[in-house]
Amino acid sequence: MNIFKNLEEQETIFKTKKYLDHRFIPETLPHRNEKITSIAKYWVEVLNKITPPDITIFGKTGTGKTAVTSYAKKQLEEIAKEKNINVKIEYIRCTDYNTEYQILARLCQQLGKPVPYRGWTKAEVVNAFRNLFEKNAFGDDLILIVILDEIDVILKNDGDNILYTLTRTDNVAITSISNLVDFKQFIKPKVKSSLRDREILFPPYNAEQLIDILKERSELSFKENTVSDGVLALCSALAAKEEGDARYALDLLKTSGEIADEEKSNKIEEDYVKMAKERIEHNKIIDVVMTLPIQQQKVLEAITYLSKKKEEITSGRLYEVYKQVAKNDTVSYRRIFDFINELEMLGLISTTTVSRGRGRGRTNIITLQCNDELIDNSLVYKT
């Protein structure tokens, strides 16, 4: 028998898993009507054939930024079609297109102009993009709204050139989405002054709001009498501790259901939620470590080595071991401090400042926050 047919026929408590995917946009977005309206009140200018203002949307991961923007996008596209308004709304994820050239080439392709992703000069791509906004045969001006999701990625990788080009192109409005409240530190003053954006902050969901979201999704996703209120409350409480992350709550519920299937249970037990939490956190660490730049992985390996030996990890001692790990491919001692800060932001390590007493100054002590075997097995450059 075909292995997929065998798996397909196994008993499951799921009706479907698609509604538990954070990329699914439901017909209603609980507790986000105010934010939908906030976007709409700026974008409504399009219906009068006026280019809307730029918008900046920021908030923690899992607070509904992308879902709300996508919802508003669909609504505007529907009414613009009814009114025969020449508007295009293009969504760009900056982790997929992370240079100005790539984004402009993508926009040209989406708008019907075949521009290659490499081979042209920057000036050629910019001109091809701007030529799209000349009056068409019917004399109607094209209005373009560009949604740049995870904009901080391109700002770190390629600078603010894309914002400079877009803000200086007629009939183009930018909607930026970021998880970082302070991402504008990467934008130069002259570009920031051209942006003149309206800011919309998305607060984290609280536990009660997360319960509403999970209840709605669970009714679509699971068979009857398989998910209790206690399970929904536990998933919501755990996600509320993770800064109100709805994605995490959905992932917890889905993974709990998968564990129930593995255990051949006809309902989700609260213990399965706790098991799901451990599994998700385990996988998250692996994903984070595997995607670190090679030099950061080497620093992390040195920290793991010292942690296993139960040594006190100071930056000086870390650099000594790092040089042994990296051999002839090392970075400066000063650069190590940047790596330490980045690894701490990711939650892989923590640092504590301790005083050595009068005349001896203060020292940062580094502590590994993850299982050392898990770190070792996740280091890509060693495989």
- Message: Less than 3.5 Å apart, any donor N or O on the side chain of E27 or Y71 sitting next to an acceptor on the other?
- Response: no
- Message: I'd like to know if the side chain of K65 and the backbone of K60 have a donor-acceptor N/O pair within less than 3.5 Å.
- Response: yes
- 4.5 Å side-chain heavy-atom contact, L368 and L348: no
- Does the S265 side chain pair with the main chain of K267, one donor and one acceptor, at a distance under 3.5 Å? yes
- Between the side chains of Y91 and R93, does any donor sit under 3.5 Å from an acceptor? yes
- Exceeds 12 heavy-atom contacts within 6.0 angstrom, atom NZ of K83: no
- Task: Give a yes or no answer on whether the side chain of E45 reaches the backbone of Y42 with a donor-acceptor pair at less than 3.5 Å.
- Result: no
- Separation of D287 CG from H282 NE2 (nearest 0.5 Å): 10.5 Å
- Task: To the nearest 0.5 Å, tell me how far L210 CG sits from L253 CG.
- Result: 11.5 Å
- Task: Report the residue from V146, V172, L132 that forms a side-chain contact (heavy atoms from CB on, under 4.5 Å) with L107.
- Result: V146
- Task: Kindly compute the distance separating CG (L306) from CD (E301), expressed to the nearest 0.5 Å.
- Result: 10.5 Å
- Query: Is L104 close to V115 at the side-chain level, that is, under 4.5 Å between some pair of heavy atoms?
  - Reply: no
